[in-house]
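See structure below.
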Amino acid sequence: MALLPVLCYPDPRLHKVAKPVAQVDARIKQIVADMADTMYEAPGVGLAATQVDIHERIVVIDVSEDQNELMVFINPEIIWASAETKSWREGCLSVPEFYDEVERPAEIRVKAIDTNGKDFEIAADGLLAVCLQHEMDHLQGKVFVEYLSILKRTRITQKMKKRAKELESQR
């Protein structure tokens, strides 16, 4: 079990666009395992590879109550989104302790590759739809705070920078 360091906003590496995974091999499977361990340890319900400074299109999610239903999405792509939207209170492992409302499509359909290299599609609504969209934003270099007003985003950025300085001075 390897826990990976999670990048914290406003780290510029969070804005890198992830590249598609060319082949699901032992290296990718190890990244998935390490990402899952990191997500569960945090604890979180989703983690994108971008958040752990791996710029490949990989997402792990577990929205189950017992956190025992790991879902892996390699090269995920939204192929349909409902016109109906829903607002959810979101948080992020890269922006710890900050939560805010984000409006997103209420339902989506995603196609991806699993850890066996097989294509699959999934329809999602509720927390799973929110989580998938949130994590896929990371793969595009976008953090949820970018949906917020400039004022809120600036305040969060300042607080995160201050926290980073405090942590650095403790080392």
Side-chain angles (χ1 to χ4, degrees), residues 1-11 13-16 18 21 24 28-82 84-115 120-148 152-153 156 159-160 163:
M1 169 170 125
L3 296 180
L4 305 169
V6 176
L7 300 176
C8 281
Y9 182 81
D11 191 308
R13 294 172 290 180
L14 287 169
H15 297 292
K16 280 184 160 179
V21 171
V24 179
I28 295 298
K29 289 179 182 182
Q30 185 61 56
I31 289 170
V32 166
D34 293 345
M35 285 176 61
D37 290 343
T38 303
M39 176 188 70
Y40 287 127
E41 182 69 24
V45 295
L47 186 68
T50 302
Q51 293 177 271
V52 292
D53 204 18
I54 297 170
H55 303 282
E56 295 182 75
R57 295 187 57 78
I58 305 168
V59 166
V60 295
I61 291 176
D62 189 340
V63 294
S64 68
E65 214 167 284
D66 295 329
Q67 291 240 287
N68 61 357
E69 296 175 24
L70 180 68
M71 302 173 82
V72 178
F73 299 84
I74 299 169
N75 296 338
E77 182 183 330
I78 295 174
I79 55 175
W80 175 83
S82 66
E84 178 193 349
T85 60
K86 186 163 184 170
S87 184
W88 283 80
R89 186 166 167 81
E90 294 188 25
C92 182
L93 296 178
S94 292
V95 193
E97 299 174 28
F98 290 95
Y99 301 87
D100 214 315
E101 297 289 319
V102 176
E103 192 153 321
R104 299 183 183 273
E107 298 176 62
I108 59 170
R109 188 157 190 83
V110 173
K111 74 174 185 177
I113 301 169
D114 66 17
T115 53
F120 71 96
E121 286 187 16
I122 186 169
D125 60 7
L127 181 58
L128 179 58
V130 171
C131 196
L132 273 164
Q133 291 172 83
H134 176 110
E135 300 309 335
M136 289 172 67
D137 274 354
H138 279 299
L139 300 179
Q140 295 299 106
K142 188 169 186 176
V143 181
F144 91 97
V145 297
E146 293 171 48
Y147 287 98
L148 308 179
K152 284 183 179 181
R153 192 175 340 143
I156 290 170
K159 287 180 179 178
M160 290 298 294
R163 179 182 293 161

Practice problem: Over all heavy atoms of both residues, which pair between Ser82 and Pro105 is shortest? Give the atoms and the distance, please. | Solution: O-CB, 3.6 Å
Quiz item: Residues two or more places apart in sequence or in another chain: which of them pass side-chain hydrogen bond (donor to acceptor under 3.5 Å, both in side chains) with Ser87?
Solution: Glu101
Quiz item: For the atom pair CG (Leu3) and CG (Asp34), what is the distance rounded to the nearest 0.5 Å?
Solution: 8.5 Å
Practice problem: May I ask you to check whether Gln133 and Asp137 show a side-chain donor-acceptor distance below 3.5 Å? | Solution: no
Exercise. Please round to the nearest 0.5 Å and tell me the distance separating atom CE of Met71 and atom CG of Leu128.
Key: 5.0 Å
Self-check item: Summary of salt bridge (charged side-chain N to carboxylate O under 4.0 Å, His left out) pairs that have at least one residue in residues 86-96, sequence neighbours excluded
Solution: Glu90-Arg104
Self-check item: Spacing of CZ belonging to Arg13 relative to SG belonging to Cys8, to within rounding of 0.5 Å
Solution: 10.5 Å
Exercise. Please name all residues satisfying salt bridge (Lys or Arg N to Asp or Glu O under 4.0 Å) with Lys111, sequence neighbours left out, ordered by chain then number.
Key: none
Exercise. Take Ile113 and Val21 through the test side-chain contact (heavy atoms from CB on, under 4.5 Å) and record every step on the way to the result.
Key: CA-CA 9 Å; Ile113 301 169; Val21 171; over 6 Å; no
Quiz item: Between atom CD of Glu135 and atom CG of Leu93, what is the distance when rounded to the nearest 0.5 Å?
Solution: 7.5 Å
Quiz prompt | Closest non-hydrogen atom pair between Thr115 and Val24, with its separation | solution = O-CG1, 3.3 Å
Self-check item: Partners passing ring-ring contact (aromatic ring centres under 6.0 Å, His included) against Phe144 (at least two apart in sequence or in another chain)
Solution: His134
Exercise. Check Arg57 against Leu139 and note the closest heavy-atom contact, atom names and distance.
Key: NH1-CB, 3.4 Å
Quiz prompt | Partners meeting salt bridge (Lys or Arg N to Asp or Glu O under 4.0 Å) with Glu107 (sequence neighbours left out) | solution = none
Exercise. Check whether NZ of the Lys or CZ of the Arg Lys142 lies under 6.0 Å from the centre of the six-membered ring of Tyr147 and within 45 degrees of that ring's axis.
Key: yes
Quiz item: How long is the span from the CG atom in Leu14 to the CD atom in Glu146, to the nearest 0.5 Å?
Solution: 9.0 Å
Practice problem: Can you tell me which residue pairs pass the salt bridge (charged side-chain N to carboxylate O under 4.0 Å, His left out) test with a partner in residues 64-76, sequence neighbours excluded? | Solution: none
Quiz item: Closest approach of Arg163 and Pro96, non-hydrogen atoms and distance?
Solution: NH1-O, 3.1 Å
Quiz prompt | Residue list, ring-ring contact (aromatic ring centres under 6.0 Å, His included) with Tyr99, at least two apart or on another chain | solution = none
Self-check item: Atom pair CZ (Arg109) and CG (Asp125), whose distance is rounded to the nearest 0.5 Å
Solution: 12.0 Å
Quiz prompt | Working for side-chain contact (heavy atoms from CB on, under 4.5 Å), residues Gln51 and Thr38 | solution = CA-CA 11 Å; Gln51 293 177 271; Thr38 303; over 6 Å; no
Practice problem: Using atom types as modelled and distance alone, determine if a side-chain donor or acceptor of Gln67 lies under 3.5 Å from a backbone N or O of Gly44. | Solution: yes
Quiz item: Could you walk me through whether Leu4 and Met35 pass the side-chain contact (heavy atoms from CB on, under 4.5 Å) check?
Solution: CA-CA 7 Å; Leu4 305 169; Met35 285 176 61; 4.1 Å; yes
Quiz prompt | side-chain contact (heavy atoms from CB on, under 4.5 Å) assessment of Val59 paired with Leu47 | solution = CA-CA 6 Å; Val59 166; Leu47 186 68; over 6 Å; no
Quiz prompt | Listed partners of Glu77 passing salt bridge (Lys or Arg N to Asp or Glu O under 4.0 Å), at least two apart | solution = none
Quiz item: Taking only residues two or more places apart in sequence, or in another chain, which ones meet Asp62 in a salt bridge (Lys or Arg N to Asp or Glu O under 4.0 Å)?
Solution: none
Self-check item: Listed partners of Arg153 passing side-chain hydrogen bond (donor to acceptor under 3.5 Å, both in side chains), at least two apart
Solution: none
Quiz item: Hey, what's the ring geometry for Phe120 with Phe73, parallel, tilted or perpendicular (30° and 60° as the breaks)?
Solution: tilted
Quiz item: For residues 44-68, which residue pairs qualify under ring-ring contact (aromatic ring centres under 6.0 Å, His included), counting only residues two or more places apart or in two chains?
Solution: none
Exercise. Could you tell me which residues satisfy side-chain hydrogen bond (donor to acceptor under 3.5 Å, both in side chains) with Thr50, sequence neighbours excluded, listed by chain and number?
Key: none
Practice problem: Indicate the atoms forming the closest heavy-atom contact of Ala36 with Leu70, along with that distance. | Solution: CB-CD2, 3.8 Å
Quiz item: At their closest point, which heavy atom of Ala112 faces which heavy atom of Pro76, and how far apart are they?
Solution: CB-CA, 3.9 Å
